[in-house]
Amino acid sequence: MTSAFTATVLGSPRIGPRRELKKAVESYWAGNVDAAALESVGKDLRRQTWTELVDAGIDSVPVNTFSYYDQMLDTAVMLGALPERVAGIENDLDRYFAAARGTAQVTPLEMTKWFDTNYHYLVPEITSATAFTLHPAKVLGEIDEARALDVPARPVVIGPVTFLLLSKFENGSPLDRLDELVPLYADLLGRLADKGVDWVQIDEPALVADRTSTELAAARSVYDRLAALTHRPAILVASYFGDLGPALPMLVETGVEGIAVDLVAGSLDSVVATPGIERKHIVAGVVDGRNIWRNDLDGSLDDLETLRERTGSVAVSTSCSLLHVPYTLEGEDGLDRALGSWLAFGSEKIREVATLATALRAGRDAIADELTEAGAAAATRAADPRLHDDAIRGRLAALTATDRERIPAADRRVVQAAELSLPQLPTTTIGSYPQTTAIRVARAALRKGEIDQAEYERRMRGEIADVVALQEKLGLDVLVHGEPERNDMVQYFAEQLDGFFATANGWVQSYGSRCVRPPILFGDVRRRTPMTVDWISYAQSLTDKPVKGMLTGPVTILAWSFVRDDQPLAESADQVALAIRDETLDLEAAGTKVIQVDEPALRELLPLRKADQAAYLDWAVGAFRLATAGIADTTSIHTHLCYSEFGEVIGAIAGLDADVTSIEAARSHMEVLDDLNAVGFDLGVGPGVYDIHSPRVPSVDEIAASLRAALKAVPSERLWVNPDCGLKTRGPVEVEASLRNLVEAAQVVRAEI
Ligand code: GLN
Ligand code: ZN
């Protein structure tokens, strides 16, 4: 076998430690810098990334994990699989960005979540017209670049099985196209061998989800064929985000030299129990690539030693690409010493990998100091009072089933109708209104200390008054305050709850140039004071129409945070739910009659394997109900869901038992209503009647047509009229025009009932 490496990571973040790439691509899009300037930022970032890895002692460095937008899009380019509609765009970079973001003439590729993470990839579209051809310039170029810097480069590409299974097909099955891709990958491997590349990493994360025996057989045939090539580098098939299950013995039986396994989300036992594993180089993902906790070095070494006894050839690695964690803890000055010592971001994880590799080579004595430090940090973490709030734990222990139950929905509908006296087909919006320049200016001024909190609040109240006045003018029925005071729907709450820490610079790429800063849930969750009541009460004081209170649900708060790894997620969810429940009670006491609890991430946390899904949905629904079942029968609960295929969670949506569910449907043509009917859903529902992701103003006719279509599936007593998501990213002019049409369409259709 080619000499095996000992320490690596599966991939690196690329957005830049100071979000340099974000700034550069956005400047390029705005026409402020040229391609050469953008490329030079990319090149600098790659050099920094590789140098850090080499300096830390990583002896096989992943390259081609850089991307100007997304690695699935890069793979589509590599395989000649960009959609027909961008083919006419001459310039490579502009064609690439057109596929990613669209232009005035062409719609972009769809975007969806990468497995169970909050990273979004672009979904390649494969049609009968797609003629796959190999375009390896990017990967070959990055190898040359790395070589010139003496970097021991290991090119990374997404594998053919994952590429096809994650693409969208107009017709035919993904696997039918596999035979067209194998020769392209074979060609690529030959070219890598020409360059003297010793290892190539082929990512096949699709193999950690449930796969049919046909799919597994197809994957096996791909790797049999690639392994049979004589002129090629050693092949490392990389998996992450879970156990390979039956795909592991399948891969072991092929001639690939290495397999990367996720030992954080997956288990060691199944790896050591696999016959033939001793013939493979195992890249052991013991350092968590997705969460931010410091590694238990002792425990990892136990696992690594067990593996080494079975396989002989083991490399230490992260469980997945470091794309999913922030760059470094350095500069996080707001961390207290204890909390800081429990964490590891990207740079710290790279050092952990190197440390573990040293110990594996030279024994634990060689890392005595590191072991002592890690042990001390773990001890302070276990003993920290912030992790064990007896009052909160006592409240949770005392909960009974009735705390998660309301009276039957039909009975609630009667009392709530009397309370609100709304017209048929009531109109509403999802919560946020355009984030105006004035809002951004005020937030920046507050951060820089140019204005004080009182002045900031005065300005936000001004924004709220404008939004309420606009809704009154347009004639909407259930109003919102517009969420001007919220930087982000999760961070806003995390900043106000004990048990969460909000980082200063912990940015993680969400998609393209968009980054998020997930808060860290490290302790028991306690609500110090009401979080939203003043804002909502102020909005309500300006109008006689009902104003919806606006909260984020427990599942979404967890999904968009880094979560505790020292207790089941279900327990953390209930703690967050209690805090939200207390908030609903305070809102109600202040006179709020409608409270929306958003759960856009309900689908995102769904486990990849069927066998694990029921248990998840059970606690997720339970947490939502705990958050929402404390209020009076007369108070309406709304919820909002978006961004996903709801098929697998449709039963759970009914289980939430929200009085009204607004749901993204504008792009899925109301199919979601049929799905809801199929599970006996009989609550209020607002299928989004227009797509807020596009700046286009929908016409009255178009919205009315959507409503008529919806009325075929839902009786008028249960149908609500709303856009399909919040309006935060839209401009004020188009929002006003769109909502005017929405209200008019509702009137038109009401008259027809
Ligand atoms: N209430 C939020 C808003 O309107 C919901 C956002 C979301 O669905 N992601 O912005
Ligand atoms: Zn939404």
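Read the numbers this way: they start at 1 and go in the same order the structure lists the ligands and their atoms. Only this structure's heavy atoms are used, side chains among them; waters, hydrogens and symmetry mates stay out. In this chain, numbering begins with 1 at the start of the sequence shown.
- For ligand 1, the polar-atom distance check against Glu483 finds a nitrogen or oxygen pair separated by under 3.5 Å.
- Between Phe562 and Phe345, the ring planes lie tilted relative to each other; the angle falls in the 30° to 60° range.
- The shortest side-chain heavy-atom distance between Ser636 and Val660 does not fall under the 4.5 Å cut-off.
- Note on ring orientation: taking the six-membered ring where Trp is involved, the planes of Tyr69 and Trp29 are tilted (angle from 30° to 60°).
- For the residue pair Lys728 and Gln435, no side-chain donor N or O sits within less than 3.5 Å of a side-chain acceptor on the partner.
- Which parts of ligand 1 touch Gly726 is read off a 4.0 Å heavy-atom cut-off, strictly below it: atoms 3 (C), 4 (O), 10 (O).
- Between Ile430 and ligand 1, at least one pair of N/O atoms sits closer than 3.5 Å.
- The Zn ion (ligand 2) has His640 NE2, Cys642 SG, Cys725 SG as its protein N, O or S neighbours under 2.8 Å.
- Among all non-hydrogen protein atoms, the one lying nearest atom 9 (N) of ligand 1 is Tyr643 OH, 3.2 Å.
- For atom 4 (O) of ligand 1, the closest heavy atom belonging to the protein is Ser432 N, 2.9 Å.
- Side-chain contact, Thr428 with Lys548: a donor N or O sits under 3.5 Å from an acceptor N or O.
- Looking at His638 and Val594, their side chains come closer than 4.5 Å, going by heavy atoms from C-beta outward.
- For the pair Arg443 and Tyr456, the minimum side-chain heavy-atom distance is below 4.5 Å.
- Heavy-atom contacts of Cys725 reach the following atoms of ligand 1: 7 (C), 8 (O) (cutoff under 4.0 Å).
- A side-chain donor-acceptor contact under 3.5 Å links Glu702 to the backbone of Ser699.
- A distance below 6.0 Å separates the ring centres of Phe241 and Phe115.
- The backbone N or O of Ile692 lies less than 3.5 Å from a partner atom in the side chain of Asp724, making a donor-acceptor pair.
- In summary, Arg527 and Asp586 engage in a salt bridge, as defined by a charged side-chain N under 4.0 Å from a carboxylate O.
- At the top of the distance list for atom 6 (C) of ligand 1, counting protein heavy atoms only, stands Met489 SD, 3.5 Å.
- Scanning the protein heavy atoms around atom 1 (N) of ligand 1, the nearest turns out to be Asp598 OD2, 2.6 Å.
- Proximity of Cys642 to ligand 1, defined as any heavy-atom pair under 4.0 Å, is confined to the side chain (atoms from C-beta onward).
- Below 3.5 Å of separation, one finds no N or O of Gln596 facing any N or O of ligand 1.
- Under a 4.0 angstrom heavy-atom cut-off, His640 registers as being in contact with ligand 1.
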